[in-house]
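Here's the structure we're looking at; comments come further down.
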Amino acid sequence: MASAFEWDRLPHDLQHSILLRLPISTLLLCKSLSRSFLDTIRSPTFLDAYSSLRRGCRSRHRDDLFLLLFADRGRHGLAAAYLPSRACWLPLPLPPSLHHIHASDGSLVVAATGENFGGDVVCDLFSQTVIPILPRMPHSYILALIDDEASSDFRIVAVGSLKPVGNALNDVYVSSQVYDSRSGRWHPKGQLPGHYAMLGNAVFLDGLLFVLGGLTDHLLTFDLDSGEWSVVDVALPPPVFCLHLVVFDGRLFLVGGLEEDVVIARIGIWELNLNKSEKEWRLFCFMPDECFQEFSINELVHFQTIDRFGIVCFCNTRESIVLVCDLSSKTWWWPPAFGVIPKLRRSWLGHALDLPMRLLK
């Protein structure tokens, strides 16, 4: 086994070259080995080079990916996390003050605190840092959290229906606001017609937030800076249910279940080419039939999806069955069985997180 002394004898640029190939989880272990490791990893030169490589190589993020799938109903503050790169499950402690997670991005979650879901906070689940935020507008819900890892800033998007004037149903509209960590304030933004009151999941791509239109079969975009909402001129693949937007490699995907006779008969993934004048969702792949049969247990009426960095995780929450797909290779696999949380005590959590670079500093 190489000693710390032998490591110190290596040329400085060779040390950097080796460490730049390692995921954050391994670098955190290296920091504790010796003063030499610690100084090298925390140096501005190394951190700048590592940040540049991290932005250009999504597979490095995958090494530090945690899929928080289930919470423990019987033990508050415990989650079961699946690590795709290691094909293993880990228990992940949650701050006891968190009672409901609204949204997540990077290593951050925005969550309600207190039993009555009173105030909201932003929390880094790996460092356990909790940041209180100002109350949002009444009758609203959190739509998305956008974590800018490079600057450690974040933004939160909230939407809510405002009451009609004079009881006129057509006067109902949806108002949006954006919380900016740099100012520490909520900023009023654009509005939507009332039939968009219940929105689906949201993903951030090319400076825009893409949002599913909830009960309406529409794809929307939201500009966080201008507050402008727009409807993308593209029809969703019918009849598709349990919709979920996915961003990977600068491309937009849609996950959904094709319904036949009130049950889901197939699960597909579609890709949208945003550069074409006539936009359309094109089939990317279906869940393999043999996988779907085992996933659905003969009858499937609902499923959940989470994703990050092209790793898409499907969950039959009724049976706690989990299946994973890698979009880059269209490979599918079953995670190993786990006993972190007994089956009868599992509740769906559904958030994908990754270790942040700020832990290296």
Side-chain angles (χ1 to χ4, degrees), residues 98-106 108-114 116-123 130-148 151 153-236 242-247 252 254 272 274 350-351:
L98 303 188
H99 283 260
H100 175 72
I101 297 178
H102 302 299
S104 61
D105 189 35
L108 302 180
V109 301
V110 55
T113 60
N116 296 321
F117 307 110
D120 292 326
V121 297
V122 170
C123 177
V130 177
I131 305 170
I133 61 175
L134 294 174
R136 48 191 153 91
M137 58 185 172
H139 311 295
S140 65
Y141 60 93
I142 300 294
L143 179 64
L145 167 68
I146 299 98
D147 177 19
D148 185 352
S151 65
D153 297 323
F154 61 85
R155 289 184 289 179
I156 305 169
V157 180
V159 295
S161 298
L162 297 185
K163 294 181 179 180
V165 178
N167 295 324
L169 185 59
N170 292 335
D171 290 337
V172 177
Y173 62 92
V174 178
S175 182
S176 55
Q177 59 178 175
V178 175
Y179 181 89
D180 194 325
S181 64
R182 294 170 297 182
S183 65
R185 295 177 51 228
W186 286 99
H187 302 273
K189 294 294 181 177
Q191 297 177 352
L192 276 167
H195 55 266
Y196 291 114
M198 293 302 297
L199 298 173
N201 82 300
V203 295
F204 195 64
L205 175 65
D206 295 334
L208 293 174
L209 196 68
F210 285 81
V211 187
L212 286 170
L215 297 178
T216 64
D217 293 332
H218 291 141
L219 177 66
L220 311 174
T221 61
F222 176 61
D223 188 317
L224 277 71
D225 295 321
S226 68
E228 180 181 358
W229 287 91
S230 301
V231 178
V232 181
D233 186 18
V234 61
L236 298 181
C242 303
L243 297 176
H244 180 87
L245 290 174
V246 174
V247 164
L252 188 64
L254 177 70
L272 178 64
L274 293 171
H351 292 277

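Just so you know, these numbers use all the heavy atoms, side chains as well, and skip hydrogens, waters and symmetry mates.
In this structure a side-chain-to-backbone donor-acceptor pair under 3.5 Å is present from W186 to L134. D153 contributes no side-chain N or O that, together with a main-chain N or O of D148, makes up a donor-acceptor pair within less than 3.5 Å. For the pair Q177 (side chain) and M137 (backbone), a donor-acceptor distance under 3.5 Å is present.
One finds the CD1 atom of I101 at 12.0 Å from the CG atom of D120 (value rounded to the nearest 0.5 Å). To the nearest 0.5 Å, atom NE2 of residue H351 and atom CG of residue L108 are 12.5 Å apart. Atom CG in D180 sits 10.0 Å away from atom CD1 in I146 (nearest 0.5 Å). Considering CZ of F210 and CZ of F204, their distance stands at 10.0 Å, rounded to 0.5 Å. Remark: L272 CG to L254 CG distance equals 9.0 Å, nearest 0.5 Å. Here the CG atom belonging to L143 is positioned 5.5 Å from the CG atom belonging to L209, to the nearest 0.5 angstrom.
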message: Is there a side-chain contact (heavy atoms from CB on, under 4.5 Å) between V121 and L98? Walk through the geometry before answering.
response: CA-CA 8 Å; V121 297; L98 303 188; 3.6 Å; yes
task: Take I133 and V110 through the test side-chain contact (heavy atoms from CB on, under 4.5 Å) and record every step on the way to the result.
output: CA-CA 9 Å; I133 61 175; V110 55; 4.3 Å; yes
query: Between V246 and V203, does a side-chain contact (heavy atoms from CB on, under 4.5 Å) hold up when you go through it step by step?
result: CA-CA 7 Å; V246 174; V203 295; 6.0 Å; no
- request: Might you work through the side-chain contact (heavy atoms from CB on, under 4.5 Å) test for V122 and I156, ending with a clear yes or no?
  value: CA-CA 10 Å; V122 170; I156 305 169; 3.7 Å; yes
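Heavy-atom minimum distance, P132 versus V130: CD-O, 3.8 Å. Here the shortest heavy-atom pairing between G106 and D147 reads CA-OD2, 3.8 Å. A pairwise comparison of heavy atoms in Y173 and Q191 identifies CE1-NE2, 3.2 Å as the closest pair. Considering every non-hydrogen atom in both A144 and A202, the closest pair reads CB-CB, 4.1 Å. Heavy-atom minimum distance, G213 versus L220: CA-CD1, 4.4 Å. Across Y141 and L199, no two heavy atoms sit closer than the pair OH-N, 3.0 Å.
The existence of a salt bridge linking R155 and D225 is confirmed by a sub-4.0 Å separation between a basic side-chain nitrogen and an acidic carboxylate oxygen.
With contacts defined as side-chain heavy-atom distances shorter than 4.5 Å, the pair I142/R136 qualifies. Side-chain contact between L252 and L219 is present, with heavy atoms from C-beta onward closer than 4.5 Å.
The aromatic rings of Y179 and F154 lie parallel to each other, their planes meeting at an angle below 30°, with 60° marking the opposite boundary.
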